[in-house]
Structure formats: structure tokens, C-alpha cells
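This one's a predicted model, so the numbers in the text were calculated from it and none came from an experiment. We count residues from 1, following the sequence as given.
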Amino acid sequence: MSKVKCPECRGKGEIPCPLEYGGSRHPDSCPTCGGDPQFRMECNYCEGEGKIDDE
């Protein structure tokens with residue numbers, strides 16, 4: 001089975017804070033990123049690999 005680029009992180013293996021604030025900047029009280037726009041976390045969809053199995 002071959003691997004393809006993850007559609008969630010576009011092959012990067014990490015994503016920005018997944019919490020939604022209606023398009024606004026995340027507040028300092030955000031429990032995940034603390035308001036840091038540079039914050040990235042491991043992509044859960046591909047488990048940080050950047051690729052998934054081609055189905």
C-alpha cells in the first residue's frame with residue numbers, strides 16, 4: 001500500500017491550534033496554544049507523519 005500526503009496537515013505533520021475562535025486571534029487564555037500564533041501541534045490524522053495510507 002502506498003502513502004499519500006495527509007489532507008489535514010498537507011504533508012507537514014503538524015497543524016496550528018485546532019480550537020475555533022470564529023476567525024479571531026486566539027486569546028492568551030486559549031488552553032491549547034496560549035495565544036501564540038506560531039504554535040503547532042502534531043497532526044492527529046496522520047500522527048505527525050505527514051502521510052497516510054492510500055485507500
Side-chain angles (χ1 to χ4, degrees):
M1 190 178 318
S2 65
K3 298 267 189 178
V4 296
K5 190 186 308 187
C6 175
E8 186 71 22
C9 67
R10 296 183 203 105
K12 294 183 187 224
E14 57 186 25
I15 59 171
C17 181
L19 298 180
E20 291 290 328
Y21 285 95
S24 299
R25 182 184 173 289
H26 287 211
D28 293 342
S29 61
C30 176
T32 303
C33 70
D36 180 1
Q38 302 300 313
F39 174 85
R40 297 292 180 264
M41 63 184 285
E42 181 178 283
C43 176
N44 289 329
Y45 195 77
C46 67
E47 299 177 335
E49 290 185 27
K51 295 187 180 287
I52 58 170
D53 291 330
D54 187 16
E55 295 180 19

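Not counting sequence neighbours, the partners of Lys3 by the side-chain hydrogen bond (donor to acceptor under 3.5 Å, both in side chains) test are Asp53.
Rounded to the nearest 0.5 Å, atoms NE2 (His26) and CD (Glu20) are 6.5 Å apart. Atom SG of residue Cys43 and atom NZ of residue Lys51 lie 13.0 Å apart, to the nearest 0.5 angstrom.
In plain terms, the two heavy atoms of Arg40 and Pro16 that are nearest each other are NH1-CB, 3.6 Å. For Cys6 against Tyr45, the heavy-atom pair with the smallest separation is SG-CD2, 3.6 Å. Cys9 and Gly50 make their closest contact through SG-CA, 4.0 Å (heavy atoms, listed as atom of the first residue, atom of the second, distance).
Within a 6.0 Å radius of CD in Glu14, other residues, nucleotides and ligands contribute more than 12 heavy atoms. Within 6.0 Å of the CZ atom in Arg10, the count of heavy atoms belonging to other residues, nucleotides or ligands does not exceed 12.
Residues Leu19 and Pro31 meet the side-chain proximity criterion, which asks for heavy atoms closer than 4.5 Å.
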